[in-house]
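Notes to accompany the following structure.
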Amino acid sequence: MKDRVSFPLREGDYSRQAHCDLPAGSFEREIGKDGFFGPASHMYHRHPPTGWSHWEGPLRPRALDTGKLPTMGPSPWNAAPLLYNDRLRVRLWHCQNAMDHLVRNGDGDDCLFVHRGHGMLYCDYGRLPFTEGDYLVLPRATSWRIEPAEPVTLLMIEATHGSYRLADRGPAGRHAIFDPGVLEHPHIDDAFARQAEAPGEWQVKLKAREQLNTITYPFNPLDAIGWKGDLTVLRLNWRDIRPLMSHRYHLPPSAHSTWVADDFVICTFVPRPMESDPGALKVPFFHNNDDYDEVIFYHQGNFFSRDNIDAGMITWHPCGFTHGPHPRALAAGSQSSRRETDEVAVMIDSRQPLNLADLPPGVENADYVNSWQGKT
């Protein structure tokens, strides 16, 4: 990691350090490039940059209540994409019972975040237990199924035509945030062997080129007796993430990067100590999202920067407008005596603009848009 020294220009009243010691009565707005990695300027305003009184047009911030989605079928492919572009598909799927077929994604790697439930994943590479809060990263064209021990809710993030990689930790080193030693992989054990021996036909539902194919075998194709290599399914739980922290400076979302794919990144916000310096911001700073669409899935905890948000909801901030903490959250954050955050959320920053699928009535939460104006 190398970066040339540069001296930013200055005009009027400003803070010498971003996100700290703001001019009295001002609101900071970051205008940046390349998702917090490129050049940036910081503006200091008299009014909150999100204090609009009315919004017309399709770019308004959205909140989706996934609890109001209709009942889904027994296959992950029954869950239609909620948000999508050429590089990314976001689905949410509820699984009540053991899958009686296999699925395979020929369009890209899958990242499954376990929002609720626990059970067993069976795949080409063996058997892997999973529980609430796990990421399961499956390489493209991996055959898999799950047997839930209780109902399971999965956030499914497809890296269309791409693969998942680890983020570059820079000076913090490759063991920062989480040591690769905490990653788990499937094992070929007695339980895996027993499930392969069950007689009967098995179907593999292959999604490729956004078309569904059904391949029937007279045996269970999850019948490997061994394997070797450096490509496999991975498991990571958010509780194994040890976030970067600064008691004197509010770190940007990029510091919480977990998985990197082509044209998007997945970040995980986990409990951490609050900034303790009196001059440091305690809530996310206002910023222009001009290069990336931002999607946040709220897993659990107190989502202190947002109003009208419950666990399991999804917010979408299209690129091209300023966003940041809601008015009540901003006021509470400036007076907060909390010592630690307790929220857990998954954020997806997509360089390509996302499209919103046709949703059933009631899924979109209008109160979320109103709360930006302090009306609720």
Checklist line | Full working for side chain to side chain contact (heavy atoms under 4.5 Å, CB included) between E132 and H118 | finding: CA-CA 6 Å; E132 169 271 318; H118 68 280; over 6 Å; no
Closest approach of [X] to [Y] (non-hydrogen atoms, all atoms of both residues):
X: P76; Y: W144; value: CG-CH2, 3.6 Å
X: P74; Y: W93; value: O-CZ2, 3.4 Å
X: F178; Y: D240; value: CB-O, 3.6 Å
X: I188; Y: I225; value: CD1-C, 3.8 Å
X: Y135; Y: T258; value: CE1-CG2, 4.3 Å
X: M313; Y: A63; value: CE-CB, 4.2 Å

Only one of H287, H250, H42 passes ring-ring contact (aromatic ring centres under 6.0 Å, His included) with H19, and that residue is H42
Of W238, Y298, F297, F130, the one forming a ring-ring contact (aromatic ring centres under 6.0 Å, His included) with H115 is F297
Could you grab the distance from atom [atom1] of [X] to atom [atom2] of [Y], nearest 0.5 Å is fine?
X: D179; Y: I241; atom1: CG; atom2: CD1; result: 13.0 Å
X: M156; Y: L136; atom1: CE; atom2: CG; result: 10.5 Å
X: I146; Y: M120; atom1: CD1; atom2: CE; result: 12.0 Å
X: I314; Y: N365; atom1: CD1; atom2: CG; result: 13.0 Å
X: F264; Y: L88; atom1: CZ; atom2: CG; result: 5.0 Å
X: R62; Y: L354; atom1: CZ; atom2: CG; result: 12.0 Å

Is the [X] ring parallel, tilted or perpendicular to the [Y] ring (thresholds 30°, 60°)?
X: Y122; Y: F192; value: parallel
X: F113; Y: H299; value: perpendicular
X: W52; Y: W55; value: perpendicular

Whether [X] side chain and [Y] backbone form a donor-acceptor pair below 3.5 Å:
X: T66; Y: G312; answer: yes
X: R87; Y: D263; answer: no
X: S15; Y: C20; answer: yes
X: D349; Y: V265; answer: no

Say whether [X] and [Y] are linked into one hydrophobic cluster, either directly or through other cluster members, by side-chain heavy-atom distances under 4.5 angstrom.
X: L128; Y: L102; answer: yes
X: V283; Y: V270; answer: no
X: V346; Y: V182; answer: yes
X: I266; Y: L82; answer: yes
X: V233; Y: L155; answer: yes

Take atom [atom1] in [X]; do more than 12 heavy atoms of anything else shown fall under 6.0 Å from it?
X: R248; atom1: CZ; value: no
X: D223; atom1: CG; value: yes
X: E11; atom1: CD; value: no
X: D190; atom1: CG; value: no

Note to self: Can you confirm if the aromatic rings of H45 and F27 lie within a centre distance of less than 6.0 Å?
What the structure shows: no
- [ ] Give the intermediate values and the outcome of salt bridge (Lys or Arg N to Asp or Glu O under 4.0 Å) for residues D262 and R165.
- [x] CA-CA 9 Å; D262 295 339; R165 304 177 295 277; 3.4 Å; yes
Modelled atom types, side-chain donor and acceptor of [X] and [Y], under 3.5 Å:
X: D293; Y: W316; value: yes
X: T153; Y: H94; value: yes
X: N85; Y: S350; value: yes
X: T160; Y: E158; value: yes

Applied to residues 36-54, the salt bridge (charged side-chain N to carboxylate O under 4.0 Å, His left out) test, sequence neighbours excluded, yields none
pair [X]-[Y]: side-chain heavy atoms closer than 4.5 Å:
X: L236; Y: L234; result: no
X: L356; Y: L64; result: yes
X: R140; Y: H161; result: yes
X: Q195; Y: R127; result: no
X: P180; Y: R174; result: yes
X: R169; Y: I177; result: yes
X: F269; Y: P243; result: no
X: F286; Y: M43; result: no

Point to revise | Test: R60 cationic atom under 6.0 Å from F321 six-membered ring centre, within 45° of axis | key: no
So the side chain to side chain donor-acceptor pair (under 3.5 Å) pairs with at least one residue in residues 95-104 (sequence neighbours excluded) are S75-H101, R104-S143
So the side chain to side chain donor-acceptor pair (under 3.5 Å) pairs with at least one residue in residues 209-219 (sequence neighbours excluded) are K207-E210
Salt bridge flag under 4.0 Å for residues R16 and D21 = no
query = Is a salt bridge present between K282 and D277, judged by a nitrogen-to-oxygen distance below 4.0 Å?
reply = no
Please step through side chain to side chain contact (heavy atoms under 4.5 Å, CB included) for the pair L138 and N105, ending with a clear verdict.
CA-CA 9 Å; L138 295 88; N105 191 348; over 6 Å; no
Margin query: What verdict does the side chain to side chain contact (heavy atoms under 4.5 Å, CB included) test give for T268 and W259, after you've listed the backbone C-alpha separation in whole Å, the side-chain angles of each residue and the deciding distance to 0.1 Å?
Written below: CA-CA 9 Å; T268 313; W259 309 105; 5.8 Å; no
- Task: Go through V114 and T131 one step at a time and tell me if the side chain to side chain contact (heavy atoms under 4.5 Å, CB included) criterion holds.
- Result: CA-CA 7 Å; V114 184; T131 192; over 6 Å; no
